[in-house]
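Structure, as structure tokens:
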There are 2 protein chains.
Amino acid sequence: MELYSISSPRTHRSGDQPTSALETHLGYWLRLVSNEVSRAFASVLHEQGMSVAEWVAMNQLAAGTALTSAKLASTMGMTRGAISKILDKLDSKKLISRSISSVDSRVQFLSLTERAKRVLPRLTSVADGNDNHYFAALDSDEKASLYKLLRKLAEFHQMTRIPVE
Amino acid sequence: MELYSISSPRTHRSGDQPTSALETHLGYWLRLVSNEVSRAFASVLHEQGMSVAEWVAMNQLAAGTALTSAKLASTMGMTRGAISKILDKLDSKKLISRSISSVDSRVQFLSLTERAKRVLPRLTSVADGNDNHYFAALDSDEKASLYKLLRKLAEFHQMTRIPVE
DNA sequence: TATTGTTATACTCTATAACTATA
DNA sequence: TATAGTTATAGAGTATAACAATA
């Protein structure tokens, strides 16, 4: 197993096929793997008639992290307009309800319906299953190591935008 | 620094804030970091008037991996129609030329123009810079470790679709 | 004046499928 | 009939910006 070459990322080892410069970047492999894992999950969600953005929104509501539209928008890194449409979709599926604040009638409080609370665990186990499937290629130590490295990058660069795509 | 909990991914450690179930997945952190790295790169490319798909196509041509439209389509995991539009854009910027095969006039051979050969190294160093910037948070061993883990996942699951988004 | 949420509009990206011209 | 590449169309997803209601 060759090591990732730090000092000369574009060095070609003798006998290699001509490769594109893309593969010399860690970001390339990160994106390759991430796309596959996310695509598979999005595809399963899609079969359930749900987008990733809707799934994320539901989770934020379940966690009590973002209970208004504006809060959701900032948490999810999207405009209020985009959030509004996502909430429309969840509403039409009877997964959320919106109730006007008695204190400030511009504000809506969002909550999951009973139906959503029944649906969410099933979706969560789908997400668990997807994660388990893809990372089963790694043993416990490797998983812990990957987790640590990713968390370190996220922390170092103050990455806070919840992935929605 | 806590470890990634393998056996009970949804366990909450005492004293924690309520978190969404999302953060218990390795796929979540993978996507979070990947999105940030890719978004930054796409943003720089965009300033240069270029999409990631165009950048990838140019690299495939430079590597000699995919010298026809159909080949590009299969390598990049896109339809021929989508590739056709990407090539139109590169063509309009005088970065590629298409020449009809003398053997089979349905086939076009694609090649980078001289202009493209001047532009590509600059873009490549932008890509290098982006990669260096984000992964500077890791030391050499950590970079090597991350590279190895990602390659292992890619190989195990036979991930071949070149990331284009 | 500022803010919450909605809506009208436009844009980007891509797939589907019909099309042409070859083979 | 099959294949290479193009094009017409449609759909998803999101941003921008104008809007109404309220503070």
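Computed over heavy atoms, backbone and side chain alike; hydrogens, waters and symmetry mates excluded. Below, chains carry the letters A, B, ... as their sequence lines are ordered, and counting in each starts from 1.
- Near DNA chain C, meaning a heavy atom under 4.0 Å away, the residues from residues 82-98 of chain B are B:A82, B:K85, B:K89.
- Residue pairs meeting the side chain to side chain donor-acceptor pair (under 3.5 Å) criterion with at least one partner in residues 71-84 of chain B, sequence neighbours excluded, are absent.
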Please step through salt bridge (Lys or Arg N to Asp or Glu O under 4.0 Å) for the pair A:D141 and A:K148, ending with a clear verdict. CA-CA 10 Å; A:D141 284 351; A:K148 204 170 132 188; over 6 Å; no

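- Comparing atom distances between the A:A70 side chain and each of C:dT14, C:dA23, C:dG5 picks out C:dG5 as nearest.
- Between the CE atom of B:M78 and the C1' atom of C:dA15 there is a distance of 10 Å, given to the nearest Å.
- In this structure the side chain of A:W55 never reaches within 4.5 angstrom of the side chain of A:L90, judged on heavy atoms.
- For B:I100 and C:dT22, the CD1 to P distance is 8 Å, given to the nearest whole Å.
- Contact of the B:L45 side chain with the B:V126 side chain is not registered, since no non-hydrogen atoms from C-beta on lie closer than 4.5 Å.
- For the pair A:M76 CE and D:dT14 C1', the interatomic distance rounds to 12 Å; values are reported in whole Å.
- Of the residues in residues 30-45 of chain A, none has a non-hydrogen atom less than 4.0 angstrom from any atom of DNA chain C.
- Residue contacts shown for B:S105 are limited to sugar-phosphate atoms, with no base heavy atom under 4.0 Å away.
- In this structure, OG1 in A:T160 is found 8.0 Å from CG in B:L32, a value given to the nearest 0.5 Å.
- Distance B:E165 CD to D:dT14 C1': 15 Å, rounded to the nearest Å.
- Straight-line distance from the CZ atom of B:F109 to the C1' atom of D:dG5: 14 Å, rounded to whole Å.
- One can find a donor-acceptor pair under 3.5 Å joining the base of D:dG5 and the side-chain atoms of B:R80.
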Yes or no on side chain to side chain contact (heavy atoms under 4.5 Å, CB included) for B:L112 and B:L95, after CA distance, side-chain angles and deciding distance? CA-CA 6 Å; B:L112 295 178; B:L95 291 171; 5.8 Å; no

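- At the heavy-atom level, A:S69 lies under 4.0 Å from the strands shown only through sugar-phosphate atoms.
- Picking from D:dA23, C:dT4, D:dA15 the nucleotide with the shortest atom distance to the side chain of A:V107 gives C:dT4.
- Both A:R106 and B:V103 lie near DNA chain C, and the one whose nearest nucleotide falls closer to the 5' end is A:R106.
- Considering only heavy atoms from C-beta on, B:E165 stays 4.5 Å or farther from A:E165 through its side chain.
- Across D:dT14, D:dA23, D:dA15, the shortest atom-to-atom separation from the side chain of A:D104 is found for D:dA23.
- The CD atom of B:E54 sits 14 Å away from the C1' atom of C:dT14 (whole-angstrom rounding).
- A 4.5 Å side-chain heavy-atom check between B:L153 and A:Y134 finds every atom pair outside the cut-off.
- Scanning both residues, B:I162 and B:V56, for their nearest heavy atoms gives CG2-CG1, 3.7 Å.
- Here the P atom of nucleotide C:dT14 and the CZ atom of B:R161 are 11 Å apart, to the nearest Å.
- In this entry the distance linking CD of B:Q108 with P of D:dA4 reads 12 Å, nearest Å.
- Side-chain contact between A:L149 and B:S145 is present, with at least one heavy-atom pair separated by less than 4.5 Å.
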